[in-house]
Amino acid sequence: MLRIDFNLVFTVINMLILFGALWLVLFKPVRKILDERQAEADREYDDAKQKQEEAEGLKAEYEKSLASIEEERTETLAEARKKADDEYQRIVSNANKQAKEITDRAVVEGENEKKKLLKSAEGQIADMVVEAAGKVAGTANGAEFDRSLYDDFLAKQTGE
């Protein structure tokens, strides 16, 4: 059986003193170092997490900026196409107007030329008729009288 004697009491007291000394000298500083390392690891983890959140924020901002740039590029291209189409329409319209003016001018000039040719032909025909009539009729009234008769006849026929 277990006997309690004076040695056992000293052994227990020695054990308690040894445990207390170890606690103060070894366990307490080791626990402090472990706590400091844990706090440092937590700080680094929090810093890494914060930097990751910042990076994600910058990434989102970058993507938003890219989307904005793409949208702006699309709008700029659409605007440039519209301006080019408007300019094309303006140029074609001006060309059509100029072509119409040239055509109208050519028609008017053609009509004027036609009238000149007709007048010239009428004059030549009148001269030939007067000359032929003078030779056939041999009248004494003269060529001027015959020409005036022919001009009167043409005036009545053309409604002038």
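Keep in mind that the numbers below use all heavy atoms, side chains included, and drop hydrogens, waters and symmetry copies.
- A donor-acceptor pair is defined here as one N or O able to donate and one able to accept, closer than 3.5 Å; no such pair exists between the side chain of Ser93 and the backbone of Gln89.
- Salt-bridge annotation for Arg31 and Asp35: absent, with no side-chain N of the basic residue lying under 4.0 Å from a carboxylate O of the acidic one.
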request  = For the pair Glu122 and Lys119, evaluate salt bridge (Lys or Arg N to Asp or Glu O under 4.0 Å) and give the outcome as yes or no after the intermediate values.
outcome  = CA-CA 5 Å; Glu122 284 178 7; Lys119 288 229 185 235; 5.5 Å; no
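- How far CD of Glu70 is from CD of Glu75: 11.0 Å, rounded to the nearest 0.5 Å.
- Between Phe6 and Phe10, the ring planes are perpendicular. Angles over 60° get that label, and only those under 30° would be called parallel.
- No donor-acceptor pair under 3.5 Å is formed between the side chain of Ser120 and the backbone N or O of Lys116.
- Taking the side chain as every heavy atom from C-beta outward, Asp85 and Arg81 never approach each other to under 4.5 Å.
- Val25 and Leu16 end up in different hydrophobic clusters when Ile, Leu, Val, Met, Phe, Trp and Tyr side chains are linked at under 4.5 Å.
- Between Lys51 and Glu54, none of the side-chain N atoms (NZ, or NE/NH1/NH2) sits under 4.0 Å from a carboxylate O, so this pair counts as no salt bridge.
- Note on Ile69 and Leu77: separate hydrophobic clusters, where clusters join Ile, Leu, Val, Met, Phe, Trp and Tyr whose side-chain heavy atoms are under 4.5 Å apart, directly or indirectly.
- Interatomic distance, Gln124 CD to Leu117 CG, rounded to the nearest 0.5 Å: 9.5 Å.
- Note that CD of Gln98 and CD of Glu101 are 7.0 Å apart. Values are rounded to the nearest 0.5 Å.
- Looking at heavy atoms from C-beta onward, Lys115 lies out of side-chain contact with Leu118 at the 4.5 angstrom threshold.
- If you run side-chain contact (heavy atoms from CB on, under 4.5 Å) between Val9 and each of Val12, Ile13, Asn7, only Ile13 comes through.
- Under the 4.5 Å side-chain heavy-atom criterion for grouping Ile, Leu, Val, Met, Phe, Trp and Tyr, Val30 is connected to Leu18 within one hydrophobic cluster.
- Among all heavy-atom pairs drawn from Lys28 and Leu24, the shortest one is CB-O, 3.9 Å.
- Atom CD of Glu72 is surrounded by 12 or fewer heavy atoms from other residues, nucleotides or ligands within 6.0 Å.
- To the nearest 0.5 Å, atoms NZ (Lys64) and CD (Glu71) are separated by 11.5 Å.
- Using a 3.5 Å distance cut-off with no hydrogens or angles, the side chains of Gln38 and Asp42 do pair a donor with an acceptor.
- One finds a salt bridge joining Lys83 and Glu79 here, because a Lys/Arg side-chain nitrogen approaches an Asp/Glu carboxylate oxygen to under 4.0 Å.
- Note: Gln50 CD to Arg43 CZ = 13.5 Å, rounded to the nearest 0.5 Å.
- Of the possible polar contacts, none joining the Ser65 side chain to the Glu61 backbone as a donor-acceptor pair under 3.5 Å is found.
- Taking 4.5 Å as the limit, every side-chain heavy atom of Leu58 sits out of range of all side-chain heavy atoms of Tyr62.
- Of the inter-residue distances, the one linking Met15 atom CE with Leu8 atom CG reads 11.0 Å to the nearest 0.5 angstrom.
- For Lys82, the salt bridge (Lys or Arg N to Asp or Glu O under 4.0 Å) test picks out Asp86, with sequence neighbours left out.
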